[in-house]
K.L.:
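Sending over a structure as C-alpha cells; questions will come in a sec.
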2 protein chains.
Amino acid sequence: MKNYHATVTVTLRKAILDVQGKTVESALHSLHMPQLGNVRIGKHIELSVQAPDADTAREVVREACDKLLTNPVMEDYAVNITEEGAA
Amino acid sequence: MKNYHATVTVTLRKAILDVQGKTVESALHSLHMPQLGNVRIGKHIELSVQAPDADTAREVVREACDKLLTNPVMEDYAVNITEEGAA
C-alpha cells in the first residue's frame with residue numbers, strides 16, 4: 001500500500017446559474033474592481049488515499065465523488081492524484 | 001487590454017481545524033471507504049480579468065482576494081493566471 005495525495009476540483013456546470021458567483025461579482029464591482037467578471041465558485045477538496053497504485057487511488061476518489069462529494073446533476077469534477085513524498 | 005482567466009485556490013491554513021473536512025471524512029468512512037483520510041475542503045474560484053498584461057491581472061486578483069475573497073487570518077490562497085484564447 002502506498003500513500004497518495006488527491007485533489008478534487010468541483011465546479012458548477014456551465015449551464016447552471018452561479019448565484020454565489022454573481023453576488024461576489026457585484027461585490028467586487030462595488031469595491032471598484034470592474035475589470036473582474038464571470039466569477040464562478042466551486043470547491044477544492046484535498047485528501048489522502050491509501051492504495052496499491054495510482055489507478056486504484058483514482059478509482060476510490062471517483063467513487064467518493066459520485067457518492068458523496070459532488071452533485072453529479074449540477075457539478076463537474078476533476079481528480080488529480082500524486083504520490084506522497086514525490087514532489 | 002487583454003482578457004485573462006484567473007483561478008484562485010483558497011485553502012484553510014494547516015494549523016486550523018477543518019470541521020467540514022472532518023465531517024466529510026467520517027461520512028466517507030461510514031460509506032466503507034476507510035482508505036481515505038486527511039480531508040480538507042477549500043474553495044475554487046474562477047474569474048475573468050481585463051488587464052494590459054498578466055502581472056497587472058495577477059495584482060488585481062490578489063487585491064480582490066485580500067479585500068473580499070479570502071480571510072487572510074485563516075486561509076491561504078494561490079492565484080493562477082492564463083491568457084484567454086491560449087490553451
K.L.:
At a 4.5 Å cut-off on heavy atoms, which part of B/Thr11 comes close to chain A: side chain, backbone, both, or neither?
P.N.:
side chain
K.L.:
Which residue out of A/Gln50, A/Glu46, A/Glu63 racks up the most heavy-atom pairs below 4.5 Å with chain B?
P.N.:
A/Glu46
K.L.:
When clusters are formed by joining ILVMFWY residues with side-chain heavy atoms under 4.5 Å apart, either directly or through shared neighbours, do A/Val79 and A/Leu12 land in the same one?
P.N.:
no
K.L.:
Please report the shortest heavy-atom distance between A/Val60 and B/Met33, naming the atom on each side.
P.N.:
O-SD, 4.1 Å
K.L.:
Using the rule that Ile, Leu, Val, Met, Phe, Trp and Tyr join whenever any side-chain heavy atoms are under 4.5 Å apart, tell me whether B/Val10 and B/Val39 fall into a single cluster.
P.N.:
no
K.L.:
Tell me whether B/Val19 is reachable from B/Met74 by hopping between hydrophobic residues (I, L, V, M, F, W, Y) whose side-chain heavy atoms are closer than 4.5 Å.
P.N.:
no
K.L.:
Tell me the closest heavy-atom pair linking A/Leu28 and B/Leu47, and the distance in Å.
P.N.:
CD1-CD1, 4.4 Å
K.L.:
Determine, using the 4.5 Å side-chain heavy-atom cutoff (strictly less than), whether A/Ile81 and A/Leu68 are members of one ILVMFWY cluster.
P.N.:
yes
K.L.:
What are the two closest heavy atoms between B/Asn38 and A/Ser48, and how far apart are they?
P.N.:
ND2-OG, 3.1 Å
K.L.:
Is it the case that one hydrophobic cluster holds both A/Val73 and A/Ile16, taking links as side-chain heavy atoms less than 4.5 Å apart, direct or via other members?
P.N.:
yes
K.L.:
If we define contacts as heavy-atom pairs under 4.5 Å, which of B/Leu36, B/Ile45, B/Ile41 has the most with chain A?
P.N.:
B/Leu36
